[in-house]
Amino acid sequence: MDIPKTYDPQEAEQRHYSRWEEQGCFVPETNRDPDAPIYSIVIPPPNVTGSLHMGHALQHTLMDVLSRHKRMCGHRVLWLTGTDHAGISTQLMVSRELKKEGLTRHDLGRAKFIERVWQWKHESGGQITRQMRREGASVDWSRERFTMDEGLSRAVREVFVRLYEEGLIYRGDRIVNWCPNDQTVLSDLEVEKTPQAGKLYYLQYPLKGSNGEGRRITVATTRPETMLGDTAVAVNPEDERYRELVGATLVLPLTGREIPVVADEFVDPAFGTGAVKVTPAHDPADYELGQRHSLPQIVVIDQFARMTEEAGPDFFGLDRYKARELVVERFEELGLLEKVVDYEFSISKCERCKTVIEPLISTQWFCRMDELRGRALQLLSDEKLPRFVPDVPYKRVYAEWLENLRDWTLSRQLWWGHQIPAWYTKDGRVIVARSEEEARVAAGTDELTQDPDVLDTWFSSALWPFSTLGWPDETSDLKTFYPTSVLVTARDIIFLWVSRMVMMGMKFIGETPFGDVFVTGTIFDKHGQRMSKTKGNGVDPLEVFDKYGVDATRLTLASIGSTDTRWNENQVESFRNFANKIWNAARFCLMNAEGAKVGEGFDADRAGWALHDRWIVSRLNRAAESVGRSLAEYDFYAAVQTLYHFFWDDLCDWYIELTKADVTAVEASPERDRARSRLLTVLEQALRLLHPFMPYITEELWQRLPGVGRELLHEAYREAEPTIMLTAYPEGSIELIDERAEWEMQAIIDLISRVRNIRSELNVKPSQPIEIMVVSADERLGALFFAGASVDQIRRLTRAEKFRRVDSLAQVPRASARAVLAGGAEVAVPLEGLIDFAQERERLGREREKLQREAAKLEAQLANPQFSERAPAEKVKEVRDRLNDIAQRVTALAQMVEALK
RNA sequence: AGGCACGUACGUCAAUGGUAGACGGCUUCCCUUACAAGGAAGAGGUUGGGGGUUCGAAUCCCUCCGUGCCUACCA
């Protein structure tokens, strides 16, 4: 037998993926059933610059489990993959490369730079998709997409033009989040707020006309440098302190500019001095306040976060922080700096480069969200779509975010991305068109310049579920696979991505892009910290694959599902051991496979089968049924648990041991062949059940089983090459669940366990043979234990030399260890010389006490009239039955203690 | 500042209002011809504290303590 004792995952992992891919197992066309149900998933496209991290591995595992499961159920499955062009990340990555050559992108110019990015993409982009192959992800590579493919770009332009024509996209001046480092505008979602220890400066502004000793208003600010652009001071209209000053004029220090005092509800009288300086050009709140009061906007900070000429000759050209120091200094000189206090506030930073955002007024493209948001909310309230799993809290979070949505800033001042399809004529007209040609025709001139900006990366991502399927053409893929079945994603992009896909899907297809949204948990490091590149605390999935194998890692990830969890390598190790267990169980079967075939004699009349055979069939069907149900509910954890315990406990610990004698019989016989075939068949079914979770080991073993071939494939794949991937997933049939067999088997398992317990507690060496005596008042139990096959099995598994029935405990030697079984049977193991009577009495006494405590609890429950009146009759009966059983055992134990005296 | 989650064995996590479990770790015994990455047995919990609802609470409600996450224009 040339099967190694230990499973080597890497060897199996190398062997199967490329074969599956070459044989077309991943493409939906392999399914030849024209009526096959459709199942489709689009992958959240990872950044083309990215490499695989645990979050991806988690998502991919779950998507692959679902895809493989549905495929085996005969569905026409499409799992579509691809990557995102990731505007800023990619541009930065290539810019960094250029820097090493002493160049900037401006040295190259736009066209050359973009060429260079494409070159980078072809040479080293998409590393992550190659890593996906290692994961075993059954994605359809023939439909792989990139957000800047011609087809997807066409969809982007089409959507932009249509939204523009409907007035949903507009160009305008607004205050935006500007990153002075990346030199681009950012959407609200790309800005992160971090707490910061700073200072609050109290500045005094004198009233006009009051010379020298006149009144002043004190304002508090964290950004003194912006005072140079102040165009008002605002107070709350209800604030008594300032009521008479509303409408008064102040002289703005350092500039001499006259500014009004205005009243606005926005001002909180309780904060600071109750008077707010208003800088409409450099603060989003002030901007809105400025709009309400028609205040001028004075730009004093430029796109590089330096002071402009408007800031005055003393400040012009200074960095914003230098300007801050200088302003404070000047105020101090003028005696207008009231005080400076320490103050913690949150500051907005660029999510990528962590530079402090500078709010600036600039001309950008925006998308109105009212209509789009309305349809998404309607879909949620009317049709309950998409269905979030888990629904708490995501459904609510999603709905609330939509309700408070503001216009989406679409333009980005980058080169890498979808250039905005808008052209300008010399006389200032704006032409939005699908192509430059179309724009020329519309403009009536060839002298056009295209808007230099590109679209937010998430604009193309928002179209992903339909642009990847060929939209705006009415392709058959689009008709077949849209809407997709489920979206599996991390929670941090519910707003950035999920909501926008819903809005765009509703707008352009009129249907939700996906039925379900499964939100995965987050994997933290062992200290509960989020894994991140900058912290360097990430665990590399590929290293885990190398160490424990892909299948073991997948089981760990599948168990995580939607739970937030701290990464725990023990768990992977445990599943690695499980993989090895599977390997060795199969190894045992294969070592004893001569004369046997998968499926042979399995359809025969089961009434004549041995108890353990009927039992394992029942357990198998119960497990299959349960796994199917769990997967339908996205309860991956439960599915894994069921499979683990079915395989290890039921199949390995009990079934193989029970059938071992038959299977390993020295002489060939029809009985031996039957036993072997049954074992092989059960194993083969178990491998199928495990396959979606553990694709590699199951395929590796399945291929070695005698009797596997095309005939085992699901009908829909009958013409394919034999592979476990395309066999039918065992559904589990309720009719094959045999309650009686399970009850009987459980009684035997209990007997064996009790005897083993005695051996262990009394330190009886495994090598020492024992004798077992059983007293059973219950005829059914007695018959069961002493049925032909059972006797040998019980003896074998307890290492008992003799196993016999006695009429009463009185016939048992006094020096026996005893135990009570469920159902009232009693078991005794004569152990002359090994029994310390006092100790044994104590052991039994302890057990009796335990049972008595439980009985007391149950009795109290039954004694409570409220319980029997109000609890369901079924529960009451359950308690009564349990109490009866316990009482019986307590009595038996008492007698046993007596016998030892 | 608001909002929302979470707190269960030493660790990581389970448990439709009805006997609190799994895996790892730990203890004892066993290299029994599928597997020592294994087998057998075992210890370990007033479910963060306190109150309430209920015949019955880890689960529902209130409150306190602790921990995360999200949202927000308090200068």
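Labels below follow one simple rule: chain letters A, B, ... track the order of the sequence lines, proteins then strands, and each chain is numbered from 1. For clarity, every value in this text was computed on a predicted model and none was experimentally measured.
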Using the P atom as the point on both nucleotides, what is the distance between B/rU47 and B/rA9, in whole Å?
10 Å
Salt bridge present between A/Glu358 and A/Arg320 (N-O < 4.0 angstrom):
yes
Below 4.0 Å: OP1/OP2 of B/rA75 and any side-chain N or O of A/Tyr343:
yes
What contact category does A/Asn864 fall into here, base, sugar-phosphate, or nothing, at under 4.0 angstrom with non-hydrogen atoms?
sugar-phosphate
Do A/Lys581 and B/rC35 have a side chain to base donor-acceptor pair shorter than 3.5 Å?
yes
In whole angstrom, give the distance that lies between atom NZ of A/Lys193 and atom C1' of B/rA75.
13 Å
Give the rounded distance in Å between these two atoms: CG of A/Asp564 and P of B/rC13.
9 Å
Looking only at atom C1', what distance separates B/rG11 and B/rC74, rounded to whole Å?
44 Å
Are OP1 or OP2 of B/rU19 and a side-chain N or O of A/Lys857 less than 4.0 angstrom apart?
no
To the nearest 0.5 Å, what is the distance between CG (A/Leu834) and CD (A/Glu840)?
11.0 Å
Distance check: side-chain N/O of A/Thr6 vs OP1/OP2 of B/rC35, anything under 4.0 Å?
no
To the nearest Å, how far apart are A/Leu555 CG and B/rG24 P?
13 Å
Could you tell me whether A/Asp564 and A/Arg491 make a salt bridge, using a distance below 4.0 angstrom between a side-chain N and a carboxylate O?
yes
With respect to the phosphate group of B/rC35, does any side-chain polar atom (N or O) of A/Lys5 fall under 4.0 Å of OP1 or OP2?
yes
Closest listed nucleotide, where the reference is the side chain of A/Arg396 and the choices are B/rC74, B/rG3, B/rA14
B/rG3
Counting only side-chain nitrogens and oxygens, does A/Lys526 get under 4.0 Å of the OP1 or OP2 atom of B/rU12?
no
Measuring from the side chain of A/Tyr644 (C-beta onward, heavy atoms only), which nucleotide among B/rA75, B/rU71, B/rC23 has the closest atom?
B/rC23
Between A/Ile752 and A/Ile560, the residue closer to the 5' end of RNA chain B by nearest nucleotide is A/Ile560
When rounded to the nearest 0.5 angstrom, what distance separates OH in A/Tyr394 from OG in A/Ser562?
7.0 Å
With a 3.5 Å cut-off and heavy atoms only, can you find an N or O donor on one side and an acceptor on the other between the side chain of A/Gln641 and the base of B/rA15?
no
Phosphate contact (B/rG38 OP1 or OP2) by A/Asn577 side-chain N/O below 4.0 Å
yes
Does a side-chain N or O from A/Asn757 land closer than 4.0 Å to OP1 or OP2 of B/rG42, or not?
yes
Within the modelled atom types, does a donor on one side and an acceptor on the other bring the side chain of A/Arg756 and the base of B/rA41 under 3.5 Å apart?
no
Side chain of A/Asn763, heavy atoms from C-beta onward: which of B/rC13, B/rU28, B/rA34 has the nearest atom to it?
B/rU28
When you compare B/rA43 with B/rG48, how far apart are their C1' atoms, in angstrom units rounded to a whole number?
24 Å
For B/rC13, does OP1 or OP2 lie under 4.0 Å from any side-chain N or O of A/Thr565?
yes
Nearest to the side chain of A/Tyr637 - B/rA34, B/rA75, B/rA14?
B/rA14
Taking the P atom in each of B/rG25 and B/rG38, what is the distance between them to the nearest angstrom?
8 Å
Which nucleotide in B/rA75, B/rC30, B/rU12 has an atom nearest any side-chain atom of A/Asn568
B/rU12
Plane angle bin for A/Phe331 and A/Tyr205 - parallel if under 30°, tilted between 30 and 60°, otherwise perpendicular
tilted
Can you establish whether the number of heavy atoms outside A/Glu594 located under 6.0 Å from its atom CD is more than 12?
no
Please confirm whether the shortest side-chain N or O distance from A/Trp648 to OP1 or OP2 of B/rG39 is below 4.0 Å.
yes
Given B/rU32, B/rC4, B/rA75, the nucleotide with the shortest approach to the side chain of A/Thr221:
B/rA75
Can you tell me, in whole Å, how much space there is between the C1' of B/rA72 and that of B/rC26?
49 Å
Please answer whether the main-chain N or O of A/Tyr7 pairs with a side-chain N or O of A/Asn580 as donor and acceptor at a distance below 3.5 Å.
yes
Taking the six-membered ring where the residue is Trp, are the ring centres of A/Phe578 and A/Tyr644 under 6.0 Å apart?
yes
Between B/rU59 and B/rG52, how many Å separate the two P atoms, rounded to a whole number?
14 Å
Bracket notation of RNA chain B in which parentheses pair within the strand, [ ] cross earlier pairs, and | pairs with another strand (Watson-Crick or G-U, under 3.5 Å):
(((((((..((((....[..)))).(((((.......))))).....(((((..]....))))))))))))....
Whole-Å distance, A/Arg843 CZ to B/rA43 P, equals 12 Å
Using modelled atom types only, decide if a donor and an acceptor are shared between the side chain of A/Thr664 and the backbone of A/Lys660 within a distance under 3.5 Å.
yes
With nearest nucleotides of RNA chain B determined for A/Val764 and A/Asp286 from heavy-atom distances, which residue corresponds to the more 5′ nucleotide?
A/Val764
Closer than 4.0 Å, any side-chain N/O of A/Arg566 to the OP1 or OP2 of B/rU12?
yes
Separation of atom CG in A/Leu658 from atom C1' in B/rG39, rounded to whole Å:
15 Å
Looking across every strand, which nucleic acid part, if any, lies under 4.0 Å from A/Glu854 by heavy atom: base, sugar-phosphate, or nothing?
base
Whole angstroms only, please: what is the NZ-C1' distance between A/Lys660 and B/rA34?
6 Å
So, is A/Arg846 near the phosphate of B/rA43, with a side-chain N or O under 4.0 Å from OP1 or OP2?
no
Could you tell me whether A/Lys877 and A/Glu874 make a salt bridge, using a distance below 4.0 angstrom between a side-chain N and a carboxylate O?
no
A/Phe266 side chain: which of B/rA14, B/rC73, B/rG39 is closest?
B/rC73
Centre of A/Phe345's six-membered ring, under 6.0 Å away, within 45 degrees of the axis: is that where NZ or CZ of A/Lys199 sits?
no
How many whole angstroms separate atom CD of A/Gln529 from atom P of B/rU67?
13 Å
Proximal nucleotide (of B/rG18, B/rU12, B/rC35) relative to the A/Gln571 side chain:
B/rU12
What interatomic distance, in whole Å, is found between C1' of B/rU32 and the corresponding atom of B/rG39?
8 Å
Proximity to the side chain of A/Phe495 - top-ranked nucleotide from B/rC70, B/rA75, B/rC35:
B/rC70
Among B/rG18, B/rU19, B/rC35, the nucleotide that comes nearest once only the side chain of A/Arg882 is considered:
B/rU19
Is a salt bridge present between A/Glu878 and A/Lys875, judged by a nitrogen-to-oxygen distance below 4.0 Å?
yes
Distance between P atoms of B/rC61 and B/rC6 (Å, rounded):
10 Å
Value in whole Å for how far the C1' atom of B/rA72 lies from CG of A/Asp283:
14 Å
